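Worksheet: the structure to be examined is printed underneath.
Naming convention: chains lettered A, B, ... in sequence-line order (proteins, then strands); numbering from 1 in each chain. Bear in mind that the values here come from a model prediction, so they are computed numbers and not experimental data.
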Amino acid sequence: MLDIKMIRENPDKFVELLSRRGGDFSYIYDMVEKDKHRREIILQVEKIKAIRNETSKQIGLLKREKKDASEVMKKVENIGSEIKAFEVELKEIDEYIYNTLLMTPNLPDESIPIGTTEEDNVEIKRIGEIPTFDFEPLPHWDLGTNLDILDFERASKISGSRFVVYKGLGARLERALISFMLDLHSIDHNYKEILPPYIVNRDSMVASGQFPKFEEDAFKVLDERELFLNPTAEVPTINLHRSELIPVEDLPIRYTSFTTAFRQEAGSAGRDTRGIIRLHQFNKVELIKFTRPENSNEELQSMLEDSERVLRLLEIPYRVVNLCTGDLGQSMRKTYDIEVWLPASKQYREICSISNAEDYQARRANIKFKRTKDSKPEYVHTLNGSALAVGRTVVAILENFQQEDGTIRIPKVLIPYMKTDIIK
RNA sequence: GGAGGAAUACCCAAGUCCGGCUGAAGGGAUCAGUCUUGAAAACUGACAGGGCGUUUAUAGCGCCGCGGGGGUUCGAAUCCCUCUUCCUCCGCCA
């Protein structure tokens, strides 16, 4: 959420920067007008409340002394309905402003490239050597089906489209990657490991920025409560500290959090229908940080390195891109994507997204810290990144490590987890 | 699923039946001081915060705030409704 106080200082600046994402943000001016009206009402209603409080105190004193208070009471007999009228109007305006702010995305960082689609993202670096094959490399769905480690037909029988069953060494590969990633981040990179609930409430979805804008992409639990399957470990993990004042000596907080993620993929009908690139259910290891504002940028860089390290150790070629304004997620100020090379389709595909939300989520989630005992609370900065999307890592391993006979070599670092060096 | 009980400041806890000097007793912890070579103990003092509005202002002043939301009332920690969470017992269960 953006800060209404800052918006009213300089609405032009906000409209200009938001417009870089694409779309019409002129409603910001209406909101600023409403905000002005809101403060006028507050001024009036609080004046009346002050009178009421003073008068009620007098009545109390008179009654205690067994004196007649009826004359004083007569003065304020209608004050309740007067206040009520203002409060009804105030509530309406408050809701309008709050809902408008909830729908308004974060300001893109001024440093990031301006653009409309992923075509405008700027490549920062390429790492690793793209493998060459003296045969035609197969897509992962063929490799997986041939080896009987991925079963799409039975998954659709059990659940429907966009699900998969991992079998045998395929299942073990998924599990090996989860353990490898969690070990790397928690032991080598000094993140605290978190295993959160997979079902979250509405407040959590709002706080991290998924709701209200992207509600159609969430799986709702049919239940009298409002609960949702978590779409990314970012949601429960950011919400670990919702409405908390974090002791300053605890910052930065670094978490690595594993969950299965569930998404409707509402806007993606027809895209990536084959294979396990885009499923309703997938596993992901996530990195989440809470930092002081002045440190969030360097923490973003180190988070990128931590995610890259997974791919370096797995010996998978990748590139890093700086997302343009049009491709940026709603909560984020700046995002790096890591894309892995997929030889069958001869393209880079997103496997990881590393972002700095700065104070946007912290304001929604009300997460603060105090520099000293006497200083005013400030919002922390929040960062999150995948490290990595496990299913897509399986894709990258299957495709990059395939051999002519259809078997798959296992990257060296995974052999202790896999107890084998080949899937055949 | 059934039957009860509870939620008050950093922690414990009084107040809630019978609404008004309760912007919330008391204790602990913490911080500062006295004493001491230093510390402990004892004693003295401080200790509700956060949000909002006004404002040059982390000054003042006002509004809100006793789990969340709503209601009754001139006035609610206290009465009513509702939700959430926690605890005890019974049942069920991995």
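- Nucleotide B:rU85 has B:rA6 as its partner under the Watson-Crick or G-U criteria, with both atom distances under 3.5 Å.
- Here the side chain of A:Lys63 is nearest to one of B:rG50, B:rG62, B:rG20, namely B:rG20.
- For the side chain to side chain contact (heavy atoms under 4.5 Å, CB included) with A:Thr325, the lone residue among A:Ser19, A:Pro108, A:Pro113 that qualifies is A:Pro108.
- A donor atom on one side chain and an acceptor atom on the other are not found under 3.5 Å apart for A:Arg175 and A:Tyr417.
- Put simply, CG on A:Asp203 is 11 Å from C1' on B:rU84, counting in whole angstrom units.
- The partner of B:rG26 is B:rC12, judged by Watson-Crick or G-U wobble contacts that both fall below 3.5 Å.
- In this model, the phosphate group of B:rG50 is approached by a side-chain N or O of A:Lys370 to a distance below 4.0 Å at OP1 or OP2.
- Closest to the A:Ile79 side chain, of the nucleotides B:rG53, B:rG62, B:rC74, is B:rC74.
- Spacing between atom CD1 of A:Ile246 and atom P of B:rC10 amounts to 16 Å, rounded to whole angstrom units.
- For A:Lys84, the side-chain atoms get nearest to B:rG71 when compared with the rest of B:rG71, B:rC63, B:rG53.
- Using P as the reference atom, B:rG67 and B:rU56 are 38 Å apart when rounded to the nearest Å.
- The distance between atom CZ of A:Arg202 and atom C1' of B:rC83, rounded to the nearest whole Å, is 16 Å.
- Rounded to whole Å, the distance from CD1 on A:Ile51 to C1' on B:rC63 is 13 Å.
- Not a single donor-acceptor pair, N or O on each side, falls under 3.5 Å between the base of B:rG53 and the side chain of A:Glu46.
- Distance, A:Ile48 CD1 to B:rG62 C1': 13 Å, rounded to whole Å.
- For A:Lys376, no side-chain nitrogen or oxygen approaches OP1 or OP2 of B:rG51 to under 4.0 Å.
- For B:rU22 and B:rG5, the P atoms lie 31 Å apart once the distance is rounded to whole Å.
- B:rU73 and B:rG91: their P atoms are spaced 48 Å apart (whole Å).
- For A:Arg242 and B:rG50, the CZ to P distance is 21 Å, given to the nearest whole Å.
- Between the NZ atom of A:Lys91 and the P atom of B:rC64 there is a distance of 17 Å, given to the nearest Å.
- Looking at A:Asp306 and A:Arg254, no side-chain N of the basic residue comes within less than 4.0 Å of a carboxylate O on the acidic one, giving no salt bridge.
- The C1' atoms of B:rU16 and B:rC66 are separated by 11 Å, rounded to the nearest whole Å.
- Contact annotation: A:Asn53 reaches the phosphate of B:rC64 (side-chain N/O to OP1 or OP2, under 4.0 Å).
- When Watson-Crick and G-U wobble pairs are counted only if both distances are under 3.5 Å, B:rU36 pairs with no nucleotide at all.
- A salt bridge links A:Arg333 to A:Asp109: at least one charged side-chain nitrogen sits closer than 4.0 Å to a carboxylate oxygen.
- If you check every strand for non-hydrogen atoms under 4.0 Å, A:Lys368 touches sugar and phosphate atoms only.
- You'll find that the side chain of A:Ile42 is closest to B:rC52, out of B:rU54, B:rC63, B:rC52.
- Separation of the P atoms belonging to B:rU72 and B:rC10 is 31 Å when rounded to the nearest angstrom.
- With a cut-off of 3.5 Å on both pairing distances, the Watson-Crick or G-U wobble partner of B:rG1 is B:rC90.
- At a threshold of 4.0 Å, the pair A:Asp35-A:Arg38 counts as salt-bridged, since one of the basic side-chain nitrogens sits closer than that to a carboxylate oxygen.
- Rounded to the nearest Å, the gap between the C1' atom of B:rC21 and that of B:rA29 is 31 Å.
- If you find the closest nucleotide of RNA chain B to A:Leu43 and to A:Leu61, the one lying nearer the 5' end belongs to A:Leu61.
- A gap of 39 Å separates the C1' atoms of B:rC43 and B:rA57, to the nearest Å.
- In this structure, A:Ile338 CD1 and A:Ile124 CD1 are separated by 10.0 Å, a value rounded to the nearest 0.5 Å.
- We find that CD1 of A:Ile59 is positioned 14 Å from C1' of B:rA76, with the value rounded to whole Å.
- A salt bridge is defined here as a Lys NZ or Arg NE, NH1 or NH2 lying under 4.0 Å from an Asp or Glu carboxylate O, and A:Lys13 with A:Glu110 meets this definition.
- Nucleotide B:rC61 forms a Watson-Crick or G-U wobble pair with B:rG53, both donor-acceptor distances falling under 3.5 Å.
- If you check B:rC64, B:rG53, B:rC74 against the side chain of A:Lys49, the one that comes closest is B:rC64.
- Across all strands shown, nothing is found opposite B:rU73 as a Watson-Crick or G-U wobble partner with both distances under 3.5 Å.
- When the C1' atom is compared between B:rA77 and B:rG20, the two are found 13 Å apart, to the nearest whole Å.
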